[in-house]
Structure formats: structure tokens, C-alpha cells
Amino acid sequence: MSTSSQHQFRYTQTPSKVLHLRNLPWECAEEEIKELCKPFGKIVNTKCNVGANRNQAFVEFADLNQAISMVSYYASSSEPAQVRGKTVYIQYSNRHEIVNNKSPGDVPGNVLLVTIEGVEAGDVSIDVIHLVFSAFGFVHKIATFEKAAGFQALIQFSDADTAASARNALDGRSIPRYLLPEHVGSCHLRISYSAHTDLNIKFQSHRSRDYTNPYLPVNPTAIEGMVQPAVGPDGKKKEPESNVLLASIENMQYAVTVDVIHTVFSAFGTVQKIAIFEKNGQTQALVQYPDVTTAATAREALEGHCIYDGGFCKLHLSYSRHTDLNVKAFSDKSRDYTVPDPSMLAAQAPAAAWQNFQASPMYPGGSPAVQGQVPGGQVPSWDPTVQAVAPSYASAPGTFHGQTYAAPAYSPAAMPAASSPLSHTSPVSHNANSLGITQPRVQQNVNVQPSGASPLGPGSSPVMESSPDAQGLGQPTLRPGGASPPGQAPYHG
DNA sequence: AGCACA
């Protein structure tokens with residue numbers, strides 16, 4: 001043994017109440033580490049799954065002598081410290097206390113946040129998730145979603161103990177291969193706790209389930225297969241229709257406020273809710289109508305038109321996968337016209353709250369349950385472009401954890417493609433008014449017809465009274481019913 | 001197999 005090697009790690013020799021454990025098994029659970037350490041004293045803190053490989057941990061004893069006794073014991077023991085048969089290396093930490101050992105995801109609760117790594121959203125059906133986690137207790141609710149972190153699921157158990165047992169057993173584990181499509185490689189579960197205590201599931205769908213309420217309606221637009229935008233032979237997208245429109249606003253030289261959106265879209269029917277958000281640097285808005293027909297009318301009439309003269313704020317409309325927006329009733333980016341009383345907002349527990357929770361880690365530390373509230377009045381982080389892919393995997397009955405499971409409640413029904421009448425969804429208009437995306441020479445204006453009747457296509461678009469310059473910024477020029485002949489655009493950019 | 005950033 002060279003003196004240099006002794007010097008190399010000399011600094012680790014200073015005793016500390018905190019021990020550094022390394023070479024732990026993959027995603028070793030906190031309980032396993034405690035089991036190893038607690039014979040030597042009282043553990044006051046741990047920090048697990050640290051290091052690049054998440055196979056290290058820190059354990060803080062109440063007393064320095066307890067830490068010394070553990071190090072001393074294994075220094076002289078013929079049997080090394082082991083977890084799951086794997087030798088664990090124990091040294092004094094170079095710090096003397098564990099600070100902030102609990103990240104929010106480590107605060108136990110009855111709802112787990114599960115990240116399924118290495119899969120696409122369509123690879124793991126909600127039935128498979130349910131199957132896997134049901135082995136540990138009754139799964140009340142599941143909500144799945146896609147975020148930057150990947151495909152995730154919130155899984156609600158009855159209590160924190162059940163959730164903890166599932167977490168301890170499955171964190172870092174993989175979903176069995178036979179439950180996955182063949183093309184999926186590794187598929188590790190990364191599990192932490194959610195701050196939620198009760199998920200608000202609005203529909204039984206391919207992405208959310210409430211097993212406590214079998215009578216919950218099935219979201220008609222979220223049935224498997226329905227949401228996947230089919231591509232026809234001509235390459236046109238055939239989206240499922242919806243009562244909610246997704247408006248992308250191109251060339252947004254002027255502010256587009258909730259009020260502006262409301263004004264424009266109210267021409268075709270009652271606008272129930274609006275949410276404005278940014279997506280890939282482009283402003284988009286979700287506009288909710290009471291029914292699909294109204295939305296279709298508005299879509300037909302507004303597609304390709306500009307809110308302002310001069311080719312500004314050009315609208316591109318598609319159907320959202322949403323059917324009922326959960327938005328803050330009054331904010332600068334959203335409006336819920338069905339909730340006149342702001343105090344009602346608390347009762348409008350948005351199912352999107354957990355999405356928001358994912359997007360912005362602003363859950364109050366230690367504060368119980370941000371349940372049912374959109375935190376901070378933020379606009380929910382809608383991600384309408386993430387169109388869920390219909391699971392190609394049909395979960396078959398099988399056994400897992402020694403239990404036999406029935407077939408999934410939802411068979412992958414064939415997409416009722418015929419129900420989508422939209423055959424002219426091409427982004428490029430074939431009409432005379434060739435609204436060049438880059439060089440809009442002729443102004444196409446929003447035609448507002450309060451009756452909503454006989455919406456005009458882009459080719460027969462009437463014009464607004466004037467350019468935004470004449471009207472001042474921020475106010476679209478709307479002339480109800482004042483249909484001018486086509487080609488009479490007064491503004492030439 | 002060698003130190004934490006939530």
C-alpha cells in the first residue's frame with residue numbers, strides 16, 4: 001500500500017455523522033439503506049439515489065459515535081456491508097449534515113409520479129400501467145401525459161403506505177417485456193411522489209382513468225384510435241373534429257388578447273373558454289365552443305384569415321384534442337366565460353392542474369395538496385400538438401406479480417374515421433385568395449357574422465373596414481354582417 | 001468504486 005494512495009483519500013477519513021454509501025444496487029430504495037444502517041444508531045436523514053448512476057446515498061446518524069461504530073464495524077468485519085447481495089462501500093462524508101435531503105418528489109404521499117423511460121406514449125397502455133401497479137393495492141386513478149421528462153403517469157393509491165410499497169418495489173425496475181410492444185428496448189420506471197392527493201379525472205380515456213367511478217363518461221374524442229390524426233393518401237391530415245379549436249396565430253405583429261380572440265370567435269357561437277399560450281415561439285389559442293358544429297363553422301370561416309389588416313395575425317385553425325378546457329377564469333391568458341363568479345374557480349378543479357404541476361415546479365414546499373388549483377394563476381401548459389398516439393399494443397390477459405388479470409376495459413377500437421367529415425383541411429388554400437405565407441399581398445380579413453350562418457370561405461372573404469394602423473393597435477376591425485365583395489381589400493402591404 | 005444543487 002503506497003502512502004500516496006492513503007493520502008489520496010485522506011480527506012474522507014475525517015469522521016462525520018454523515019456516511020457516504022456507494023456501489024449500491026440500481027435505484028436502491030431508502031428502506032434498504034435504512035435497514036443496513038439502523039443497527040448502528042438512529043438515522044435522522046437520508047439522501048438516496050444520488051450520483052450520476054443514482055447508486056449512491058448519504059445517511060446521517062443522530063450521533064457521531066453511531067456513524068463511527070458503523071464504519072468501524074465494517075472496517076474490521078470479514079463480511080462487507082451488503083444490499084441485495086451487493087457490496088456497499090461506506091465512508092465518512094465530507095459534509096457533516098444532510099441538507100435539504102427531501103426533494104418535493106421524496107415527500108411521501110398517496111399519489112405517485114411515474115416516469116416511464118425509453119418509451120413513447122403509445123407504447124405503454126394505461127391498462128398495462130394499471131396492471132403493474134395494481135399488484136400493490138387498489139389503484140384509484142391514473143392520469144398519463146407527456147412532458148419534457150417523457151411519458152409520465154400519476155397513479156393514485158388509497159394511502160401513502162400503499163404508494164410507498166409500490167414505489168419501493170418498482171422504482172428503477174422495468175415493465176416486463178411481455179407487456180410491452182416488441183420494439184421497445186429498456187423501459188425503466190422512475191418513481192417519485194406527487195404533491196397531489198386526489199387526481200381530478202374527467203373522462204375515462206386512453207390517457208386517464210378513474211377506477212372508483214365506472215360511470216364516468218368516456219371522452220368521445222379521446223377513445224383510443226380516435227385521437228391519432230390519420231393521414232390520407234393525399235397527405236392531408238384528417239383530424240378528429242372537436243368542439244375546441246386550436247388557433248395558431250401567424251405573423252403576430254399586434255397583440256392578440258383574450259378579448260380579441262373572444263370577439264373574433266364569438267361571431268359563430270358562444271365561446272365558453274379561451275386559453276392563450278406559447279408553443280415553439282408561436283402564439284396559439286384554444287377556443288372552446290359548446291358543440292362541434294359551432295366549432296366547425298368557425299373553423300371553416302376563419303381558417304387562413306387574418307385578425308388584422310395587412311396579413312397580421314393570420315389564423316390557422318385545427319381541432320384540438322381537448323373537449324373541455326380547464327382554464328383560470330380570469331387571467332390575461334385565459335378566460336372561462338362559463339364561470340362568471342371567480343370564487344367558483346376553486347370548484348373548477350382542473351384536470352390540467354397536474355400538467356401544470358409538471359411544467360412548473362412551483363408547488364409550495366411542504367404545503368399539502370395543490371390539488372385542484374391551477375397554481376399561481378398560470379395558464380395551463382397545454383400541449384395540444386402532442387396528439388396522443390393510439391396504443392398499438394393490445395394488452396392481453398396475463399399474469400403479473402402472480403396475479404391474473406382480465407382483459408383491458410378498453411379494446412383498441414377502430415377509429416371511426418368516417419365520422420370526420422373534414423376532407424379539406426389542407427393548410428394551403430386552393431381558393432383564389434392565395435394567402436402567401438411569406439408575402440401576403442392581398443388582405444384577407446375576418447368576416448364576422450353574428451348569425452354564424454353561411455360562413456364564408458377564404459375565397460369569398462369580405463374585408464374589414466381598415467388597417468390596424470388606422471384603428472390603433474390591439475383592436476381588430478370587425479364589421480358584423482358587412483360583407484364586402486371579395487377582392488376589395490383596401491390594404492396592400 | 002470516490003460526495004448531494006433539490
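Everything numeric in this text was worked out from a predicted model, so none of it was measured. Keep in mind that the numbers below use all heavy atoms, side chains included, and drop hydrogens, waters and symmetry copies. Here is how names work: the chains are called A, B, and so on, in the same order as the sequence lines, proteins then strands, and each is numbered from 1.
Rounded to a whole Å, the CZ atom of A:R22 is 9 Å from the P atom of B:dA1. Here the C1' atom of nucleotide B:dA4 and the CG atom of A:L24 are 14 Å apart, to the nearest Å. If you take CG of A:N53 and P of B:dA1, they are 10 Å apart, rounded to a whole angstrom. Put simply, CG on A:N45 is 16 Å from C1' on B:dC3, counting in whole angstrom units. Note: CH2 (A:W26) to P (B:dA1) measures 15 Å, nearest angstrom. Remark: P of B:dC3 and CG of A:N49 are 16 Å apart, rounded to the nearest angstrom. A:K47 places its NZ atom 15 Å from the P atom of B:dC3, with the value rounded to the nearest Å. If you take CZ of A:R54 and C1' of B:dC5, they are 14 Å apart, rounded to a whole angstrom.
At least one side-chain nitrogen or oxygen of A:R95 sits closer than 4.0 Å to the OP1 or OP2 atom of B:dA4.
Stacking of A:Y89 onto the six-membered ring of B:dG2 is not present when judged by under 5.5 angstrom between centres and under 30° between planes.
Aromatic ring orientation, A:H20 versus A:F58: parallel (interplanar angle below 30°, classes split at 30° and 60°). Below 30°, between 30° and 60°, or above 60°: for A:F312 and A:Y254 the angle between ring planes is above 60°, a perpendicular geometry.
Between the side chains of A:H322 and A:S242, no donor-acceptor pair is found at a separation under 3.5 Å. A side-chain donor-acceptor contact under 3.5 Å links A:T283 and A:E278.
Candidate nucleotides B:dC3, B:dA4, B:dA1 were compared by shortest atom distance to the side chain of A:N23, and B:dA1 ranks first. Among the nucleotides B:dA6, B:dG2, B:dA1, the one closest to any side-chain atom of A:V99 is B:dA6.
Under a 3.5 Å cut-off, the side chain of A:E60 and the backbone N or O of A:I98 do form a donor-acceptor pair.
Within 3.5 Å, a donor on the side chain of A:Q91 pairs with an acceptor on the base of B:dG2, or the reverse.
Using a 4.0 Å heavy-atom distance criterion, A:E97 is classed as a base contact.
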